[in-house]
Amino acid sequence: MTRKHETTPTAEVFEAIAADRGLPLDRERIEVALEMHAKFRHELDLLRSVELSPLPPYIQPETALRWIENGGRLP
Amino acid sequence: MSDLADLSIDELLTLFRTREATPLEALNACLGRVDRLDDRVNAVITLLVERATAQAEESTKRWQSGEARPLEGIPYGLKDIIETAGIRTTGGSPMYENYIPEESATLVDRLEAAGAVLVGKLQTFEFASGSNATTSNPWDLSRWPAGSSSGPAAAVAAHEMPLSIGTDTGGSIAIPAAFCGIVGLKATYGRISRAGVFPLSWTLDHAGPMTRSALDAAHALGVMAGYDPRDPTCGNVPVPDYAASLRTDLGGVRIGVPTEWFFDVCAPEVEAATRAAIELLAEQGATINEFQLPSTRTVQLHAIELTIVYAEVASLHEATLERLDEYGPEFQRLLTRAQFTSAVDYLKALRARHLVQLDFEQVFEQNDVVVVPGGMCVAPSHDHLVAKVGDEERPLIDVISRPTAVMDIVGLPAITIPAGFDDGLPIGVQIAARPYDELSCLSVAHAYQRLTDFHTALPPIVKDDLDAGPSDLSVELPVSIEKPVVTATRDRIW
């Protein structure tokens with residue numbers, strides 16, 4: 001299921017995030033970030049809609065590494 | 001007529017062993033080819049004439065005294081994000097144009113300890129991302145070689161050297177190998193140390209050899225692979241003698257062919273070449289099984305790739321964000337967008353990787369390898385960076401890594417080999433296997449190359465050079481050449 005997003009970030013939202021982090025990004029760069037974000041938004045929403053269980057055996061980022069090290073299976 | 005620059009690693013080692021040629025002669029042939037072609041191809045950013053000559057002289061003596069090492073006297077080049085002690089390593093970035101590391105990357109130490117001769121550092125996109133127009137595709141100089149291992153692919157395709165080393169985060173070995181008609185092996189995540197390699201995205205970065213045959217890739221991998229305490233992600237897994245262990249008999253080999261994802265967005269010519277390669281392998285005794293990847297219906301692979309890259313790029317370059325203007329134009333765009341990646345999205349992407357891995361775990365219960373497209377189209381023009389799929393043009397950034405980034409996300413070894421042409425431009429197919437089973441990838445690729453000659457076809461620029469007659473080995477080159485870093489693009493993908 002895909003979560004519905006009623007709004008997309010505006011320049012003001014990104015400017016607020018940048019200000020909070022003290023990022024040296026002027027309005028022109030904020031517009032670039034927004035443009036790239038808009039192109040990617042649909043795919044990002046699909047990723048966000050993936051449900052991953054909070055219960056064991058839950059997947060951690062390290063799970064992927066263990067799987068590789070063990071030749072394509074979990075130990 | 002060919003010269004020593006046109007020979008494979010395996011052929012050169014044989015000639016050195018039988019004393020029909022020396023490493024110094026092979027190096028001079030490669031330098032001659034660089035001298036004659038690289039003003040048009042521009043694969044090399046730093047040429048190390050004096051240093052390489054000294055190494056080749058030492059190698060020549062070692063062959064004479066019976067002390068030759070596994071790659072003794074083999075000329076090679078390094079993507080310029082791989083650190084070399086005392087030799088400029090630019091990362092393809094104006095910010096590191098004059099950076100001289102004190103230590104070499106572990107993979108460089110291993111190649112040097114095996115006797116390989118470093119001809120030069122090779123062009124790359126800035127920090128292994130973007131679309132620089134710096135280097136041209138030897139098959140058509142108006143075309144893009146892809147990247148970010150642009151120089152390594154072009155140098156091997158132009159027969160300037162038989163071996164180069166590239167890196168791959170979303171397809172940076174596989175796609176240039178496909179577009180330039182050479183072999184590119186992206187080893188398993190953790191198989192080859194990345195200590196001393198500029199990171200783009202540490203979770204997805206891989207290294208590997210680029211050559212003109214699978215056998216040559218096996219020679220190089222045998223030297224480069226293995227545990228390294230300097231790289232915390234490096235696996236402690238035994239390294240076989242790949243070159244000596246290659247199979248040529250395909251009897252009983254189980255090949256998986258996808259029914260979804262890989263052919264969904266793919267140029268018809270590439271799909272036809274991939275299916276023809278699978279058919280040829282089946283005729284030699286391989287069994288073919290179709291497989292599905294259910295996770296790709298719900299998990300956005302492109303979103304996993306980009307979210308991880310964005311987050312890790314932003315983290316890696318945090319200290320230099322104040323100097324954003326000093327990066328090239330495409331990396332500035334990437335780094336700017338990267339700032340707006342949430343921690344929750346990043347962790348979702350890292351966790352979702354394993355869902356795709358679980359699909360492949362099922363696939364490899366039924367199969368030894370999978371065969372899929374390498375590039376999903378052929379090389380586009382420098383001036384119009386789009387993926388042509390039938391009559392449709394797609395933005396490159398949306399689709400170019402479709403068949404390749406999945407291998408980085410899952411961490412599988414994958415070899416790309418030439419498997420055809422579309423209007424004179426190379427087509428590549430990928431052969432992937434379960435983690436740490438590079439030997440199966442190499443064996444199937446080697447068996448295929450014993451049956452086909454796509455990998456021995458010559459780009460027009462090389463054919464013209466050979467037609468011009470015997471090369472002049474007395475060419476005078478300066479002791480070294482250092483070109484400026486150029487990040488200019490004629491069209492952009494970010």
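Convention: sequence-line order gives letters A, B, ...; per-chain numbering from 1.
Smallest separation of non-hydrogen atoms from A:Arg21 and B:Gln339: NH1-O, 3.0 Å. What you find for B:Pro435 and A:Trp67 is that their closest heavy atoms are CG-CZ3, 3.7 Å. Across B:Lys348 and A:Leu47, no two heavy atoms sit closer than the pair NZ-O, 3.4 Å. Between A:Pro61 and B:Leu347, the closest heavy-atom pair is CG-CD2, 4.0 Å.
Interatomic distance, A:Arg48 CZ to B:Thr307 OG1, rounded to the nearest 0.5 Å: 8.0 Å. Rounding to the nearest 0.5 Å places OG of B:Ser342 at 9.5 Å from CD1 of A:Ile17. Between A:Glu43 atom CD and B:Glu305 atom CD the span is 9.5 Å, to the nearest 0.5 Å. Once rounded to the nearest 0.5 Å, the distance linking OG1 of B:Thr336 with CG of A:Leu23 reads 9.5 Å.
Within 6.0 Å of CD in A:Glu12 there are more than 12 heavy atoms belonging to other residues, nucleotides or ligands. No more than 12 heavy atoms of other residues, nucleotides or ligands lie within 6.0 Å of CD in B:Glu318, so this atom counts as exposed by the packing criterion. With a 6.0 Å radius and a threshold of 12 heavy atoms from other residues, nucleotides or ligands, A:Glu31 has its CD atom above the threshold.
Chain A forms more heavy-atom pairs under 4.5 Å with one residue of B:Asp398, B:Val299, B:Leu321, B:Leu334 than with any other, namely B:Leu321. For the options B:Leu324, B:Leu301, B:Val237, heavy-atom pairs under 4.5 Å to chain A are most numerous at B:Leu324. For the set B:Asp437, B:Asp345, B:Leu350, B:Thr233, the entry with the most heavy-atom pairs within less than 4.5 Å of chain A is B:Asp345.
Neither the backbone nor the side chain of B:Val344 has a heavy atom closer than 4.5 Å to any heavy atom of chain A. The contact between B:Thr188 and chain A is made entirely by side chain atoms (from C-beta outward), counting heavy-atom distances below 4.5 Å. Residue contact with chain B, scored on non-hydrogen atoms closer than 4.5 Å, involves the side chain of A:Leu25 exclusively. Interface residue B:Ala349: backbone and side-chain heavy atoms are both found under 4.5 Å from chain A.
By the 30° and 60° cut-offs, the orientation of the rings of A:Phe14 relative to B:Phe340 is parallel.
Looking only at distances, a side-chain donor or acceptor of B:Arg351 sits under 3.5 Å from a matching main-chain atom of A:Ile59.
Proximity to chain A at a heavy-atom threshold of 4.5 Å picks out B:His354, B:Leu355, B:Gln357, B:Phe360, B:Glu361 from residues 354-365 of chain B, in numerical order.
In this structure the side chain of B:Gln300 never reaches within 4.5 angstrom of the side chain of A:His42, judged on heavy atoms. Looking at heavy atoms from C-beta onward, B:His302 lies out of side-chain contact with A:Leu46 at the 4.5 angstrom threshold.
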Please evaluate residues B:Arg337 and A:Glu35 with respect to the criterion salt bridge (charged side-chain N to carboxylate O under 4.0 Å, His left out), reporting the C-alpha separation (whole Å), side-chain torsions for both, the decisive distance (0.1 Å), and the verdict. CA-CA 9 Å; B:Arg337 164 58 186 86; A:Glu35 176 206 326; over 6 Å; no
